[in-house]
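What's counted below: heavy atoms across the whole structure, side chains too, no hydrogens, waters or symmetry copies.
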Amino acid sequence: MWKWLNQYAKPEAAFNLCRRLLPWFGWLSGLCLTVGTVWGLAYAPADYQQGDSFRIIYIHVPSAILSMSGYAAMAVAALVGLVWQWRTAYMTMIAIAPVGAVVTFIALFTGAAWGKPMWGTWWVWDARLTSELILLFLYFGVIALYAAFDDKQQGGKAAGVMALVGVVNLPIIHFSVEWWNTLHQGATITKFGKPSIAPEMLWPLLINLLGMALFMAAVSVHRLQNEILRRELHRPWVMSLLHHNGEKSRAV
């Protein structure tokens, strides 16, 4: 198993894996997001308390969950880079970071839009909201620290350390509604034994969660491809690939 994984420490192997995975992630994410969004917005029943305004959960909840999942994935890539010195791990980390930052912003924005009719205000310094905002700043910090270094290997190490330190914020986000008295509601779909949501509302939410996860994977994989090409531009295999693509475009 380790031998199989270790081959992707080589940029060329990682690039080829991305090229194989990207179409699958793209098509499946489009299918899941279409089905989940149409089902949730048009066919799921209205909530007995919140009415149709609850439907924002089909964007807010997946983005909130995946903002943390994206950071966890970025931190795992950073750990692999620091321990095993994989250059592709640092490339993966920085490929995920802007995608995770955008998803975190979406979670905060949709949460504010939901909070206005529910709480009567766009923003409160609630434990969940504040820790989620800190998560966005952590993403920005990793991106900025990586960009500050001309030597991207050193930049990857510095940003990787920051990514790992920031992991402490993830359990704070998740358990904040249990540890403190907050306005934010408690867990819903993460209580797998007995989710606090009706099945006809739950299924489109789960489908959208899968779709958004696949979409994040697709964008991250595409960014990783581009990062590998930028970093390996002087390598013979990249030159050969670019030459081959140029020949194809001229033929068309």
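Counting Ile, Leu, Val, Met, Phe, Trp and Tyr side chains that sit under 4.5 Å apart, directly or through other members, I59 shares a hydrophobic cluster with V102, I106.
Scored by the side-chain hydrogen bond (donor to acceptor under 3.5 Å, both in side chains) test, S131 finds no partners at all (sequence neighbours excluded).
Side-chain heavy atoms closer than 4.5 Å link hydrophobic residues (I, L, V, M, F, W, Y) into clusters, and following such links, even through other members, never connects V168 to F175.
Donor-acceptor pairing under 3.5 Å is lacking for the side chains of T104 and E132. Judged by distance alone, the side chains of R19 and N16 do bring a donor and an acceptor atom under 3.5 Å apart.
Y8 has its ring centre no less than 6.0 Å from the ring centre of W86.
The pair K152-E227 does not count as a salt bridge, with every side-chain nitrogen at least 4.0 angstrom from each carboxylate oxygen.
Using modelled atom types, one side-chain atom of H60 and one backbone atom of A107 make a donor-acceptor pair closer than 3.5 Å.
Within a 6.0 Å radius of CZ in F215, other residues, nucleotides and ligands contribute 12 heavy atoms or fewer. Around CH2 of W237, the count of heavy atoms belonging to other residues, nucleotides or ligands within 6.0 Å exceeds 12.
Partner V219 forms a side-chain contact (heavy atoms from CB on, under 4.5 Å) with one of V99, L224, I96 and no other, that one being V99.
Taking both residues in full, the closest heavy atoms of L145 and A158 are given as CD2-O, 3.3 Å, listed atom of the first, atom of the second, then distance.
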